[in-house]
Amino acid sequence: MAMIPNQLPRLVSDPTGRSLGLDLPPGALTGPADDPYLWSGHGAAGPAAWAALRPAARTAGLLPVLLGGEWGLDEWELEPGRMSDPADHDADEVLAGFWEYYAADEIEASPAAGWPGLAPAQPPGTDPDRVAADVAELLTEAGSWLAEARPALVPARRSADIPAVIGWTGPLNHENDVARLCAVLRSWEDRFGARVVALTFDQLVVSVAAPPRTVEEAEAVAAEHFAFCPDNIMQGSHASLREYAREALVEAPVWSFWWD
């Protein structure tokens with residue numbers, strides 16, 4: 001995978017990151033000593049953490065993400081070496097393949113009609129990085145399900161590439177090369193201003209600066225969500241793809257995915 005110059009090794013001798021213009025809390029590096037692929041804080045991020053980490057993108061090419069859930073990183077089975085490059089995959093082809101495999105038996109859409117194709121891009125909305133910061137702040141407030149999430153930094157060119165760079169295996173039962181899903185995340189970055197905000201052992205949370213605004217637009221996006229993560233519908237609380245579109249996607253600034 002094409003990588004940016006990795007500044008994380010500098011944190012070995014400078015754990016606060018002051019030489020990179022940062023002021024990091026106590027944390028640890030994950031990966032080879034000379035080429036770690038992840039820094040994560042020891043304690044909960046808190047609502048102010050994302051704003052504190054944002055300068056790392058400009059000064060060091062390190063992108064923020066929240067790491068949540070009860071499982072420690074040693075149990076996440078991160079495998080960056082087995083992942084390909086998101087640039088090697090086409091989002092439309094990836095989703096079309098999943099659609100063909102799952103749609104026939106699992107949803108009301110007619111598979112005879114074939115893959116409907118990618119949903120149209122939405123007009124630019126609020127600055128995507130600003131929306132990501134707002135979503136991260138909400139997710140880490142007291143009482144939120146991610147209130148105890150830890151701050152993290154990843155040497156990635158794009159937010160969409162974060163899962164592949166760290167070798168995240170959350171969707172393993174659906175796709176064992178997460179770079180293929182990252183190709184879709186790249187497309188969502190381009191069309192909807194999406195950013196990867198949080199990961200747990202098997203969940204992904206994405207902020208969305210330009211979500212679909214009508215039910216018709218949302219239904220087109222819902223087809224992509226089904227192909228990307230069938231468990232969102234097959235094991236979720238929505239009775240149909242149309243209901244999922246109407247209730248979970250219209251004007252929604254957050255998309256969440258979970259793989260069984």
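Worth saying up front: this structure is predicted, and the values here are computed from it rather than measured.
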Any non-hydrogen side-chain atom of [X] less than 4.5 Å from a side-chain atom of [Y]?
X: Asp35; Y: Asn6; value: yes
X: Leu62; Y: Val154; value: no
X: Thr16; Y: Leu22; value: no
X: Val178; Y: Pro171; value: yes
X: Trp255; Y: Leu249; value: yes
X: Val208; Y: Pro253; value: no
X: Asp177; Y: His89; value: yes

Using a cut-off of 6.0 Å, state whether more than 12 heavy atoms not belonging to [X] lie near its atom [atom1].
X: Glu70; atom1: CD; answer: no
X: Glu216; atom1: CD; answer: no
X: Glu148; atom1: CD; answer: no

Interatomic spacing from [atom1] in [X] to [atom2] in [Y] - rounded to 0.5 Å:
X: Phe201; Y: Leu172; atom1: CZ; atom2: CG; result: 8.5 Å
X: Trp168; Y: Leu38; atom1: CH2; atom2: CG; result: 13.5 Å
X: Asp231; Y: Asn173; atom1: CG; atom2: CG; result: 8.5 Å
X: Glu224; Y: Cys229; atom1: CD; atom2: SG; result: 13.5 Å
X: Met83; Y: Asp88; atom1: CE; atom2: CG; result: 14.0 Å
X: Leu63; Y: Leu153; atom1: CG; atom2: CG; result: 8.5 Å

Path from [X] to [Y] over hydrophobic side-chain contacts below 4.5 Å:
X: Ile233; Y: Val184; result: yes
X: Tyr244; Y: Val215; result: no
X: Leu199; Y: Leu185; result: yes
X: Phe226; Y: Leu181; result: yes
X: Leu73; Y: Leu24; result: no

(Q) Before you tell me yes or no, could you show the steps for Trp145 and Thr200 under side chain to side chain contact (heavy atoms under 4.5 Å, CB included), namely the whole-Å CA-CA distance, both residues' side-chain angles and the distance that decides it to 0.1 Å? (A) CA-CA 11 Å; Trp145 70 283; Thr200 74; 4.0 Å; yes

I'd like to know if the side chain of [X] and the backbone of [Y] have a donor-acceptor N/O pair within less than 3.5 Å.
X: Glu217; Y: Thr214; value: yes
X: His42; Y: Pro26; value: no
X: Ser207; Y: Val131; value: no
X: Glu79; Y: Gly81; value: no
X: Asp92; Y: Gly117; value: no

(Q) For Phe98, does the six-membered ring have the charged nitrogen or CZ of Arg180 within the cation-pi criterion, i.e. under 6.0 angstrom from the centroid and within 45° of the normal? (A)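 Positive - Arg180 is close enough to the ring of Phe98 and near enough to its axis.
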
Q: Apply the ring pair (Phe, Tyr, Trp, His ring centres under 6.0 Å) test between His225 and each candidate in Trp258, Trp188, Phe192, Trp99; give the one that qualifies.
A: Trp188

Of the non-hydrogen atoms in [X] and [Y], which two are nearest, and what is the gap between them?
X: Val196; Y: Pro163; result: CG2-CD, 4.4 Å
X: Leu53; Y: Pro151; result: CD1-CB, 3.7 Å
X: Ala60; Y: Gln7; result: O-CG, 3.3 Å
X: Pro155; Y: Leu8; result: CD-CD1, 3.7 Å
X: Cys182; Y: Ala164; result: SG-N, 3.6 Å
X: Ile162; Y: Pro64; result: CD1-O, 3.8 Å

(Q) Would Thr169 and Leu78 count as a side chain to side chain contact (heavy atoms under 4.5 Å, CB included) here? Give the steps. (A) CA-CA 6 Å; Thr169 56; Leu78 300 175; 5.7 Å; no

(Q) Using salt bridge (Lys or Arg N to Asp or Glu O under 4.0 Å), reason through Arg82 and Glu77 one step at a time and then give a plain yes or no. (A) CA-CA 11 Å; Arg82 69 181 291 181; Glu77 300 177 349; over 6 Å; no

**Q.** Among Asp161, Asp129, Asp190, Asp134, salt bridge (Lys or Arg N to Asp or Glu O under 4.0 Å) partner for Arg195
**A.**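 That would be Asp129; it is the only one of Asp161, Asp129, Asp190, Asp134 passing the salt bridge (Lys or Arg N to Asp or Glu O under 4.0 Å) with Arg195.
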
Q: Identify which one of Thr140, Leu139, Leu138, Leu146 satisfies the side chain to side chain contact (heavy atoms under 4.5 Å, CB included) criterion when paired with Val197.
A: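 Of the listed residues Thr140, Leu139, Leu138, Leu146, the side chain to side chain contact (heavy atoms under 4.5 Å, CB included) partner of Val197 is Leu139.
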
Q: Give me the one residue out of Val205, Leu204, Asn232, Val206 that meets side chain to side chain contact (heavy atoms under 4.5 Å, CB included) with Ser256.
A: Val205

Q: Starting from the C-alpha separation in whole Å, work towards a yes-or-no answer on side chain to side chain contact (heavy atoms under 4.5 Å, CB included) for Arg150 and Leu66.
A: CA-CA 6 Å; Arg150 302 174 302 285; Leu66 301 172; over 6 Å; no

Q. Any chance the rings of His174 and Phe228 have centres within less than 6.0 Å?
A. no

Q: Flag the pair Arg186 and Glu189 as a salt bridge only when some basic side-chain nitrogen lies within less than 4.0 angstrom of an acidic carboxylate oxygen.
A: no

Q) Arg191 and Ser187: side chain to side chain donor-acceptor pair (under 3.5 Å), yes or no, with the steps? A) CA-CA 6 Å; Arg191 287 181 290 138; Ser187 181; 2.9 Å; yes

**Q.** Trp76 vs Leu67, side chain to side chain contact (heavy atoms under 4.5 Å, CB included): CA-CA, chis, key distance, verdict
**A.** CA-CA 11 Å; Trp76 279 34; Leu67 305 179; 4.0 Å; yes

